[in-house]
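Just below is one structure, and these are the notes that go with it.
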Amino acid sequence: MEHIYNFSAGPAVLPAEVLRQARDEILDWHDSGMSVMEMSHRGKEFMSIAAKTEADLRELAGIPDNYKVLFLSGGASSQFAMAPMNLLRGKKSANYVNTGEWSKKAIKEAKKYCAVNVAASSEDKNFTYAPAQDVWNVDPEAAYLHYTPNETIGGVEYNWVPDLTRYGRDMPLVADMSSSFMSRPLDVSRFGVIYAGAQKNVGPAGLCIVLVREDLLGTTVPGTPTMFDYKVHAENDSMYNTPPTYPMYITGLVLEWLKKNGGLEAMEKINVAKADLLYNFLDTTDFYHCPVAKPDRSRMNVPFTLKDTSLDGEFLKQAGARGLIQLKGHRSVGGMRASIYNAMPLEGVKALVEFMKEFADSHA
Ligand code: PMP
């Protein structure tokens, strides 16, 4: 078989270099006589891995000193509860912007803890755009505003960061950045909390990275389990319990790879080139269709449909035979989805576009 290009939405492709290094180190990490999987999380070897991972993350993302970095388990889905539990701070409501499946899940969970003001929603157009901030109806008294910068399923991405200063008080901006974290430069200081499951751009499943501004720590809703308290994890350097050590190690290797490859500025350039290649092709043909509004198209997840959906199965079969795998769209929306995270090389997108052209020509 030819080279495999894996377009999975997550867990997703990792840099081949990183996997090779992990293979070489799997039995014996740096002459320690141990696999990383066998190390005590409190031993000096793993502590050095954790410290380097955090330092590299801070450097790459430009994380200010007044933000804690937490390495947690429980996935981004646990953050849907942890955000309200930690950030309500005595208030009774929170603002949420609803742009699709992941926003909906966050909203559903938040409703267990507070009143949710849906400040804006793109449901009117089947979640195919990001509502402009001018039309948001924000409750200025609510505890925070939560949004999903990149909707992994719908393929909708904000190419701007909401400005909450216009509501007249310091309202923390909370972002579920699971599928766009580390894909472009970001100004962390604009956010109160950023959380991201690692399994798209930065590592394997099992690790969720949380960045939290220090002044937001310390007030939880009554009954919050210890494991759901950001402050407990912050005070214990994410070692209150056993953190997901192996995913942290692989993430560390991915961050080294990112640094070697020019950091977030360089990633953004490549990601724009990949996304442009695919969207420009999609727009030249009516054999395929991308439903997302042009300014809000995701650089990470590209959903598209075939005009003749009876060809879906054949498309996937022939793509698979060419080494282009995991292109099936999410079960809730159907069609296709190409996820083109950091570790997907430009060649992979070129191979996909070439195949799509040929498939269209032979079924015209
Ligand atoms: N939010 C977004 C935007 C996601 O893409 C995902 C996973 N696909 C999640 C949350 C849930 O993440 P997890 O499965 O790690 O809980």
Side-chain angles (χ1 to χ4, degrees), residues 9-12 57 61 63 67-88 94-114 116-123 127 129-131 133 136 138 142-162 164 171-184 186-188 190-203 205-213 216 228 230 233 296 298-301 330 332 339 341:
L57 185 67
I63 302 172
Y67 284 73
K68 293 287 187 190
V69 175
L70 310 179
F71 296 104
L72 307 182
S73 49
S77 300
S78 293
Q79 296 308 312
F80 296 159
M82 281 178 90
M85 283 175 154
N86 286 269
L87 303 174
L88 282 170
N95 294 299
Y96 278 71
V97 180
N98 181 11
T99 44
E101 296 308 314
W102 294 110
S103 304
K104 282 200 274 185
K105 287 204 164 141
I107 290 169
K108 188 168 172 222
E109 196 70 8
K111 280 184 175 165
K112 294 182 179 169
Y113 306 98
C114 62
V116 168
N117 172 50
V118 177
S121 166
S122 56
E123 194 160 11
F127 299 117
Y129 70 103
Q133 202 181 336
W136 292 11
V138 171
Y144 59 88
L145 185 138
H146 179 285
Y147 82 122
T148 312
N150 184 67
E151 284 282 357
T152 322
I153 294 175
V156 171
E157 184 169 9
Y158 293 69
N159 285 300
W160 45 278
V161 175
L164 300 192
M171 187 190 307
L173 180 61
V174 180
D176 171 5
M177 228 178 253
S178 293
S179 47
S180 54
F181 187 54
M182 306 301 276
S183 68
R184 52 163 80 195
L186 79 164
D187 179 358
V188 174
R190 300 277 299 274
F191 299 84
V193 169
I194 292 172
Y195 61 88
Q199 67 269 27
K200 287 117 183 2
N201 271 318
V202 290
L207 169 66
C208 183
I209 296 176
V210 180
L211 314 183
V212 53
R213 213 175 64 205
L216 298 172
F228 274 47
Y230 287 149
H233 293 291
D296 307 324
S298 169
R299 294 175 183 171
M300 298 283 102
N301 312 98
H330 191 270
S332 65
S339 295
Y341 298 119

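As the structure is a prediction and not an experimental result, all values here were calculated from the model.
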**OP:** Would you please classify the geometry between the Tyr147 ring and the Tyr158 ring as parallel, tilted or perpendicular, with 30° and 60° separating the classes?
**Re:** perpendicular
Subject >> Under 3.5 Å side-chain donor-acceptor pair for Thr99 and Thr148 >> reply: no
**OP:** Check for a donor-acceptor pair, side chain of Tyr341 on one end and backbone N or O of Ala9 on the other, with a separation under 3.5 Å.
**Re:** yes
Original post:
Do Ser178 side-chain atoms and Gly197 backbone N/O form a donor-acceptor pair below 3.5 Å?
Top reply: yes
**OP:** Examine distances only and state if a side-chain atom of Ser179 and a backbone atom of Asn150 form a donor-acceptor pair shorter than 3.5 Å.
**Re:** yes
Subject >> Any Leu57 side-chain heavy atom under 4.5 Å of Val202 side chain >> reply: no
Original post:
Taking Gln133 for the side chain and Pro162 for the main chain, is one N or O donor matched with an acceptor at less than 3.5 Å?
Top reply: no
Original post:
Between the side chain of Asp296 and the main-chain N/O of Pro131, is any donor-acceptor distance below 3.5 Å?
Top reply: no
Original post:
Sub-3.5 Å donor-acceptor pair from the side chain of Gln79 to the main-chain atoms of Ala196, do we have one?
Top reply: no
**OP:** Verify, without hydrogens or angle tests, whether Tyr195 (side chain) and Ser78 (backbone) share a donor-acceptor contact under 3.5 angstrom.
**Re:** no
**OP:** Provide the closest heavy-atom pair for Lys200 versus Gly10 in the form atom of the first, atom of the second, distance.
**Re:** NZ-CA, 4.1 Å
Subject >> Nearest non-hydrogen partners of Tyr96 and Ala110, listed with the distance >> reply: OH-CB, 3.2 Å
Original post:
Is the side chain of Ser122 donor-acceptor paired with the backbone N or O of Tyr129 at a distance under 3.5 Å, no angle test?
Top reply: yes
Original post:
Within the distance-only criterion (no hydrogens, no angle test), does the side chain of Asn95 pair as donor or acceptor with the backbone N or O of Val138 below 3.5 angstrom?
Top reply: no
**OP:** Without swapping roles, check the side chain of Glu123 against the backbone of Asn98 for a donor-acceptor pair under 3.5 Å.
**Re:** no
